[in-house]
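Any value given below was found using the heavy atoms of this structure, including those in side chains, with hydrogens, waters and symmetry copies removed. Each chain gets a letter, A, B and so on, in the order its sequence line appears, and its residues count up from 1.
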There are 4 protein chains.
Amino acid sequence: MARNTKTKETVSTAKGQVEKAGSLNEGGARAKRAAERRAAILHAALEEFAASGYAAARLDDVAKRAGVAKGTIYLYFADKETLFRELIHMELTPVVGVLIHAAQTDVPLRAFTSQLIEVFVREVFGTRRRDVIRLIITEGPRFPTIAEFYYRDVVGPVLEAVRGLMRRAIERGELKSDVLVRFPQLIVSPAIVAIFWNGLFDRFEPLDLRALLQAHFDILFGDGRLS
Amino acid sequence: MARNTKTKETVSTAKGQVEKAGSLNEGGARAKRAAERRAAILHAALEEFAASGYAAARLDDVAKRAGVAKGTIYLYFADKETLFRELIHMELTPVVGVLIHAAQTDVPLRAFTSQLIEVFVREVFGTRRRDVIRLIITEGPRFPTIAEFYYRDVVGPVLEAVRGLMRRAIERGELKSDVLVRFPQLIVSPAIVAIFWNGLFDRFEPLDLRALLQAHFDILFGDGRLS
Amino acid sequence: MARNTKTKETVSTAKGQVEKAGSLNEGGARAKRAAERRAAILHAALEEFAASGYAAARLDDVAKRAGVAKGTIYLYFADKETLFRELIHMELTPVVGVLIHAAQTDVPLRAFTSQLIEVFVREVFGTRRRDVIRLIITEGPRFPTIAEFYYRDVVGPVLEAVRGLMRRAIERGELKSDVLVRFPQLIVSPAIVAIFWNGLFDRFEPLDLRALLQAHFDILFGDGRLS
Amino acid sequence: MARNTKTKETVSTAKGQVEKAGSLNEGGARAKRAAERRAAILHAALEEFAASGYAAARLDDVAKRAGVAKGTIYLYFADKETLFRELIHMELTPVVGVLIHAAQTDVPLRAFTSQLIEVFVREVFGTRRRDVIRLIITEGPRFPTIAEFYYRDVVGPVLEAVRGLMRRAIERGELKSDVLVRFPQLIVSPAIVAIFWNGLFDRFEPLDLRALLQAHFDILFGDGRLS
DNA sequence: GATGAATGAGGGTTCATTCAT
DNA sequence: TATGAATGAACCCTCATTCAT
């Protein structure tokens, strides 16, 4: 935060997406180029923020990595904080729909989970989304609007969808307890922990993510009991 | 990080704890006062680091909060990074022994867990230790030696002790599967998630920590099955 | 010195002198402006260093005197020490060639000296070079590379050239003794002393530099004997 | 100078030399101890100032080297600048009388010089006095009162004595020219240069001080001519 | 007197942000 | 629109000086 204590809360409308009416062709080309630059900056910013944290990341490095001049960043984003917030937005918005849609399935849980693991490993863990999640969790407390947006638009809806999933599983007789309706966090916590384990302890004790999640879902939805 | 890239790794011997032989009374009083100051600075530092993160925390604020002048910090700690590292050390070292000792119990798991929950809620969640854990997880990737220390001296030994606990539970016939020996992370992940939930989403959806953990242990060690 | 103990020894390539290919006019204008700024900073730095000494000179004052912001200095020089070293380099490099070339003359010594006096008075004593020399001598012991550079690239070559001059004078029969070949320092020491006298005692007892040097060379090369 | 811009000009009366009337014996012991401490501090200060220059020298190091606490320095000297000024005083005052007395000799110059060389080498060059002279010359411009004291009480009288020496040599017929009466600086400049050469270039090209001075006096007072 | 912990002004350096080109 | 030089507010750290013990 340092000198950004004022917390500008409005998310600036993505400048590069507003197409000024120009000559048709050139306008299109410009808009395209602008969108590419925007994307390049966001991409670079994610890597820098993920590597150094929000406060220690330098816009100089973001610019360098994005292949633009430092000033150019300010053509697309009002300031460092806005860049950060838009970054989170951009990365998460498309995912939410998919997640919720996925949670509306009526497939038996045990068939569903193996697919879920695969999707998580491929679409989250192996991608920039893992960094986004880490950033939200680590920087969230200093960015109230991010936490709020994240809860309202992501965590809340997803948990609700998961609760629906659990409820339907109960109705189908697949689950006997409503504990996962009350604490859907229990379903995802190993995934969260795995995300952090990775950057901290993997070099000391690697974690087999797929096996971990499989074991976890076996415990939750498996037919054998632990005890 | 900024100018702290060089990573000075030695943990300075706690100045305030070394009592130079002086006149008995005065020497003791001085040493006591020094220890108090040291503690006040560490305390203040924890709060500032927890609130702002390492990079954004200002030693000026630490000093103000500790009720000392800025320069005084440097009488006790070589620099910002050393202050941070000693903070982590100091808070964790005494806990580890307790945890490992606790894990050597031979009490039935279900009797043990309720006690475990209580200890965690009171001795970790309700204390500065929660902030320390959060700091390690959020800043650890930028402080390799902290991550290393934390793994070698805390996480590793504790997980090992937990594995032992699980093995003995299996031998006693309390557990049928060795999955928790292979993935002891599964036992603690809800607690980790709860720590982060607290700072991020509690104002939107409060989490009943005790109930969450109880539900979690019920799933792991309870006699009823979820499915 | 304080925190500059590490002695970064590389002399950064003069930023303002590297012209990136740009549009011809603008590129030239930019480069010119940069070179001017660089020069202004070096100029201001020399005055501040000369007035206060390296350690006590404040970059704040250098910036103010140069008419730039404090941060601007760091666009042109890596740090205070580098600024200092480049200052020395810049001022001396062009002079050496001239000196050595001058020493290769075959003019009779007595005709040469009057010219030498004039050049020294005008080109050294009356200019910033006097301050540079003073700085090298006063700060040199704390900046080993400056002393080394100064010896290798300035003092050594110049003394060698002077020795050559003396040798040729001996061959021509102008000098009978080789004492000035063995101790060329004797030729320049009054000039050195005059440089320091100036800043210290001139207000109490002004020194007529020209007359001093003339008297000195009369003693060395004159046909009358003192005793 | 840094924060010592105010230039306190009064030389504090040496505190340790003022004997407070106490019990006779103890008072004497105390006074002696005090004088020793004062001397130790001055000694240490000279070494630190000589090594780092006035501005960069740290009183902490002076105290450490003197074997006293930092605060103790302030019992004997008002502040850093006073310490520095008293240092210069103390070292020079005793020398001046000797020099002037020596210059009142009526011995033939050539017999005198060999003795002079010996004294300079032993009593100045090989001692802390060399550092004092270097300090005066390098720091003098920033300490007007030091330069003034040095001129009034040392340089001026000594030069005057030297002039007298030269005049008498002329009267005795040993010297034909009055050039050394007009420019007595010419007599000492090689010694000054040798002092600086030592710290700067000795590792590249050692200078045989005795031989240098002998050659110098041979030129000035020898019976052979250079040309 | 002597100590050395404590102070806090100040300096070097960084970096988000601006603006002339 | 894009650039990157320039700005200057902060921040970490140092060190002369003070003061309670």
Check: Can you tell me how far P of F:dA16 sits from CZ of D:F77, to the nearest Å?
Finding: 15 Å

Check: At under 4.0 Å between heavy atoms, what does B:A57 touch on the DNA or RNA strands: base, sugar-phosphate, or nothing?
Finding: sugar-phosphate

Margin query: Can you measure D:E48 atom CD to F:dC15 atom P for me and round it to whole angstrom units?
Written below: 12 Å

Checklist line | pair B:L135-B:I146: side-chain heavy atoms closer than 4.5 Å | finding: no

Checklist line | Members of residues 64-73 of chain D that approach DNA chain E, where some heavy atom sits under 4.0 Å away | finding: D:V68, D:A69, D:K70, D:G71, D:T72

Check: Are any of the side-chain nitrogens in C:E139 or C:R142 under 4.0 Å away from the carboxylate oxygens of its partner?
Finding: yes

Next item on the list: Quickly work out the D:Y74 OH to E:dA6 P distance and round it to whole Å.
Entry: 18 Å

Check: Between F:dT17 atom C1' and D:E81 atom CD, what is the distance in whole Å?
Finding: 14 Å

Next item on the list: Look at C:R58 and E:dG10 and indicate whether a side-chain polar atom (N or O) is within less than 4.0 Å of OP1 or OP2.
Entry: no

Note to self: Tell me the interatomic distance from B:K80, atom NZ, to F:dT14, atom P, rounded to whole angstroms.
What the structure shows: 15 Å

Next item on the list: Report yes if some heavy atom in the side chain of C:L83 is under 4.5 Å from a heavy atom in the side chain of C:L59; otherwise report no.
Entry: yes

Note to self: Using the side-chain heavy atoms of A:L75, tell me which of these nucleotides is nearest: E:dT7, F:dA2, F:dT21.
What the structure shows: F:dA2

Next item on the list: Look at the rings of A:F143 and A:Y54 and say which category their plane angle falls in: under 30° parallel, 30 to 60° tilted, over 60° perpendicular.
Entry: perpendicular

Margin query: Quick check for you: to the nearest 0.5 Å, what is the distance between C:R38 atom CZ and C:I41 atom CD1?
Written below: 8.5 Å

Next item on the list: Establish, with yes or no, whether the OP1 or OP2 oxygen of E:dA2 is under 4.0 angstrom from a side-chain nitrogen or oxygen of D:Y76.
Entry: yes

Checklist line | Qualifying residues under salt bridge (Lys or Arg N to Asp or Glu O under 4.0 Å), relative to D:E47, sequence neighbours excluded | finding: D:R65

Item checked: 5'-most by nearest nucleotide on DNA chain E - A:D60 or B:R33 -> B:R33

Next item on the list: Please tell me if the side chains of A:K64 and A:D61 come closer than 4.5 Å, counting only heavy atoms from C-beta onward.
Entry: yes

Check: Quick one: is B:R38 getting a side-chain N or O under 4.0 Å of the E:dA6 phosphate, OP1 or OP2?
Finding: no

Check: With side chains defined as the heavy atoms from C-beta onward, is the minimum distance between A:L42 and A:F77 less than 4.5 Å?
Finding: yes

Check: Atom CZ of D:R30 to atom C1' of E:dA2: distance rounded to whole Å?
Finding: 11 Å

Notebook entry, point to check: Paired stems touching DNA chain F, three or more consecutive Watson-Crick or G-U pairs with both distances under 3.5 Å?
Noted result: E:2-21 with F:2-21

Next item on the list: Check whether any side-chain nitrogen or oxygen of D:R37 sits under 4.0 Å from OP1 or OP2 of E:dA2, and answer yes or no.
Entry: yes

Margin query: Can you measure C:L83 atom CG to E:dG12 atom C1' for me and round it to whole angstrom units?
Written below: 12 Å

Check: Tell me: CG of D:L59 to P of F:dA16, nearest whole Å?
Finding: 5 Å

